2 protein chains.
Amino acid sequence: MTEHDAPHATPRLETFEEIATRYPGLDPEALHVWVVMRKAQTRLDLAVDAHLARHGLSFGRYLVLVHLIRAEGHSLNPAAIADLCGSTRATITGVVDTLEKAGFVEREEDPADRRSLQVRLTLTGRRFLEKMLPDHFDRLMKVMSEFTPAELKTLEKLSQKLAAGAAALERP
Amino acid sequence: MTEHDAPHATPRLETFEEIATRYPGLDPEALHVWVVMRKAQTRLDLAVDAHLARHGLSFGRYLVLVHLIRAEGHSLNPAAIADLCGSTRATITGVVDTLEKAGFVEREEDPADRRSLQVRLTLTGRRFLEKMLPDHFDRLMKVMSEFTPAELKTLEKLSQKLAAGAAALERP
DNA sequence: GGGTGGTAATCAGGCCCCTAATTAGCTGCA
DNA sequence: TGCAGCTAATTAGGGGCCTGATTACCACCC
């Protein structure tokens, strides 16, 4: 009746595993490590999001705040923030809206160019960061304390190879 | 005038880096590796999403299709799919809606329990996977070919430690 | 047999981030 | 001068995934 009632009639690939085993260039060990690695990354991502959410932050909001506190005068324009965060100006507009409502940043007109503006961390925002960052660092250090110094070096090297390999996903 | 005009008047923590260096438990090397690692993960995530998007898939849709093709009878109920994908039933409802519109899956009533249903991969869906998976595997292998067999083993081990460490982010 | 509690999927509404279109202002050149 | 083309930020609208409420149904137990 349906195709899979007669699997022997045609040499059809029936499952993911069959396709995998028949794919000539495939290294099962490499595929296994890929899956383990991606699962770990997903779990870490979720944990980071949940951790930041406890402080009322999304990752995007957190990143903007950190770039602002690092910046000269705790102040940047939206375009610069977008570049530093690797996101778009439109996204930054929304994130800054939220942070402004929370009182953590404020927008100031740029007298030299009326198209432009500066986003400045407020005192409230700075105090908030000073309060949340120790917990943040504490948790990061607890994650990283799984690794010996030698493993840290290895992790860094492998991360760089991974970033290089990501380019292979982006090609034609 | 504003607080930061008089940085010497109060021993205030002014920047992320200052907070970091003053934080007693902080290992700068570990923090550096954390940042390198997270950037690599972000880049990989974006690359995977872009690669799947070229096939018209989100990661969620891809995952549902893969679990279906692996399943007995290419068929699962939404609750099982949600468990396998690590997402909620409500999310699966939406993903299955999209896949159904594309003709890749169909819903069938479960005669034994009228609350329940089966989501089945259609022939169209299976053919689609058979066509896209070789490209998918090809790209994954290109990513993983950055690593020697020994490095793969190390990567697996470090990934597992990372997943274990993620728990440290989740605690009180 | 009829209510009570549990479970299946779905709906309603929200958050985050994206792209494309829009508005406003700058700049350089005929 | 005035206009063409660029650039800044925003708005409009959409996609993906979430939580919490809702609807329909099963199953147990009195």
Side-chain angles (χ1 to χ4, degrees), chain A residues 41-43 45-65 67 75-102 104-120, chain B residues 42-43 45-65 67-68 75-102 104-120:
Chain A
Q41 289 178 4
T42 301
R43 176 153 184 204
D45 246 14
L46 291 174
V48 168
D49 283 351
H51 153 59
L52 290 175
R54 274 197 297 270
H55 293 282
L57 296 178
S58 66
F59 186 70
R61 287 201 284 274
Y62 164 77
L63 210 52
V64 168
L65 289 179
H67 282 302
S75 174
L76 292 167
N77 62 42
I81 297 175
D83 288 348
L84 288 167
C85 294
S87 59
T88 65
R89 293 176 192 188
T91 298
I92 296 305
T93 296
V95 174
V96 168
D97 283 348
T98 309
L99 291 173
E100 198 169 33
K101 270 179 211 131
F104 292 166
V105 306
E106 55 198 9
R107 287 174 161 99
E108 300 185 341
E109 289 176 7
D110 180 340
D113 184 343
R114 287 173 48 209
R115 290 169 307 179
S116 189
L117 53 83
Q118 289 292 114
V119 177
R120 181 189 306 279
Chain B
T42 301
R43 175 152 185 205
D45 247 13
L46 291 174
V48 168
D49 283 351
H51 153 60
L52 291 175
R54 274 197 296 270
H55 293 281
L57 295 178
S58 66
F59 186 70
R61 287 202 283 275
Y62 164 77
L63 211 52
V64 168
L65 288 179
H67 282 302
L68 283 177
S75 173
L76 291 168
N77 64 41
I81 297 175
D83 288 347
L84 288 167
C85 293
S87 58
T88 65
R89 293 176 191 187
T91 298
I92 296 304
T93 296
V95 174
V96 168
D97 283 349
T98 309
L99 290 173
E100 198 169 33
K101 269 179 212 132
F104 292 165
V105 306
E106 56 199 8
R107 287 174 162 99
E108 299 184 343
E109 288 175 8
D110 180 339
D113 184 343
R114 287 171 50 208
R115 289 169 307 178
S116 188
L117 53 83
Q118 288 293 113
V119 177
R120 182 189 304 280

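Quick caveat, the model's predicted, so the values are computed rather than measured. Every chain is numbered from 1, with letters handed out A, B, ... down the list of sequences.
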Under 4.0 angstrom between A/Thr88 side-chain N/O and C/dC17 OP1 or OP2: no

Nearest-Å distance, [atom1] ([X]) to [atom2] ([N])?
{"X": "A/Asp110", "N": "D/dA9", "atom1": "CG", "atom2": "P", "value": "9 Å"}
{"X": "A/Gln118", "N": "D/dA9", "atom1": "CD", "atom2": "C1'", "value": "13 Å"}
{"X": "A/Asp45", "N": "D/dC18", "atom1": "CG", "atom2": "P", "value": "13 Å"}
{"X": "B/Leu63", "N": "D/dC17", "atom1": "CG", "atom2": "C1'", "value": "13 Å"}
{"X": "B/Glu100", "N": "C/dT10", "atom1": "CD", "atom2": "P", "value": "9 Å"}

Partners passing side chain to side chain contact (heavy atoms under 4.5 Å, CB included) against A/Gln41 (at least two apart in sequence or in another chain): A/Met37, A/Arg38, A/Leu162, B/Gln41, B/Leu44

DNA chain C-proximal residues of residues 47-62 of chain A, any heavy atom under 4.0 Å: A/Ser58, A/Gly60, A/Arg61

Sugar-phosphate, base or nothing in reach of B/Thr98, heavy atoms under 4.0 Å: nothing

Contacts of [X] that satisfy salt bridge (charged side-chain N to carboxylate O under 4.0 Å, His left out) - sequence neighbours left out:
{"X": "A/Asp113", "result": "A/Arg115"}
{"X": "B/Arg43", "result": "A/Glu170"}
{"X": "A/Asp97", "result": "A/Arg107"}

Tabulate protein N/O versus nucleotide N/O from nucleotides 10-13 of chain D, keeping only pairs under 3.5 Å, one per line.
| from | atom 1 | to | atom 2 | distance (Å) |
| --- | --- | --- | --- | --- |
| D/dT10 | OP1 | A/Arg107 | NE | 2.9 |
| D/dT10 | OP1 | A/Arg107 | NH2 | 3.3 |
| D/dT10 | OP2 | A/Thr93 | OG1 | 2.9 |
| D/dT10 | OP2 | A/Arg107 | NH2 | 3.4 |

Pairs touching residues 48-62 of chain A that satisfy salt bridge (Lys or Arg N to Asp or Glu O under 4.0 Å), sequence neighbours left out: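 Output for this query is empty, none listed.
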
Verdict with supporting geometry, B/Leu68 and B/Leu99, side chain to side chain contact (heavy atoms under 4.5 Å, CB included): CA-CA 12 Å; B/Leu68 283 177; B/Leu99 290 173; 5.6 Å; no

Sequence-distant partners of B/Glu106, side-chain hydrogen bond (donor to acceptor under 3.5 Å, both in side chains), two or more places apart: none

Set of ring pair (Phe, Tyr, Trp, His ring centres under 6.0 Å) partners for A/Phe59, sequence neighbours left out: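 If we apply the ring pair (Phe, Tyr, Trp, His ring centres under 6.0 Å) test to A/Phe59, skipping adjacent residues, there are no hits.
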
Contacts of type ring pair (Phe, Tyr, Trp, His ring centres under 6.0 Å), residue B/His51, not counting sequence neighbours: B/His55, B/His136

Less than 4.5 Å apart, any side-chain heavy atom of [X] and any of [Y]?
{"X": "A/Gln118", "Y": "A/Asn77", "result": "yes"}
{"X": "B/Leu63", "Y": "B/Leu84", "result": "no"}
{"X": "A/Val64", "Y": "A/Val119", "result": "no"}

Nearest-0.5 Å distance, OG1 of residue A/Thr42 to CG of residue B/Asp45: 7.0 Å

Net bend of the helix from C/dG1-D/dC30 to C/dA30-D/dT1, end axes of five pairs each, nearest 10 degrees: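 Between the axes fitted at each end of the helix from C/dG1-D/dC30 to C/dA30-D/dT1 lies an angle of 20°.
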
Please write out each protein N/O paired with an N/O of nucleotides 26-29 of chain D under 3.5 Å, distance rounded to 0.1 Å.
| from | atom 1 | to | atom 2 | distance (Å) |
| --- | --- | --- | --- | --- |
| D/dC26 | OP1 | B/Arg114 | N | 3.1 |

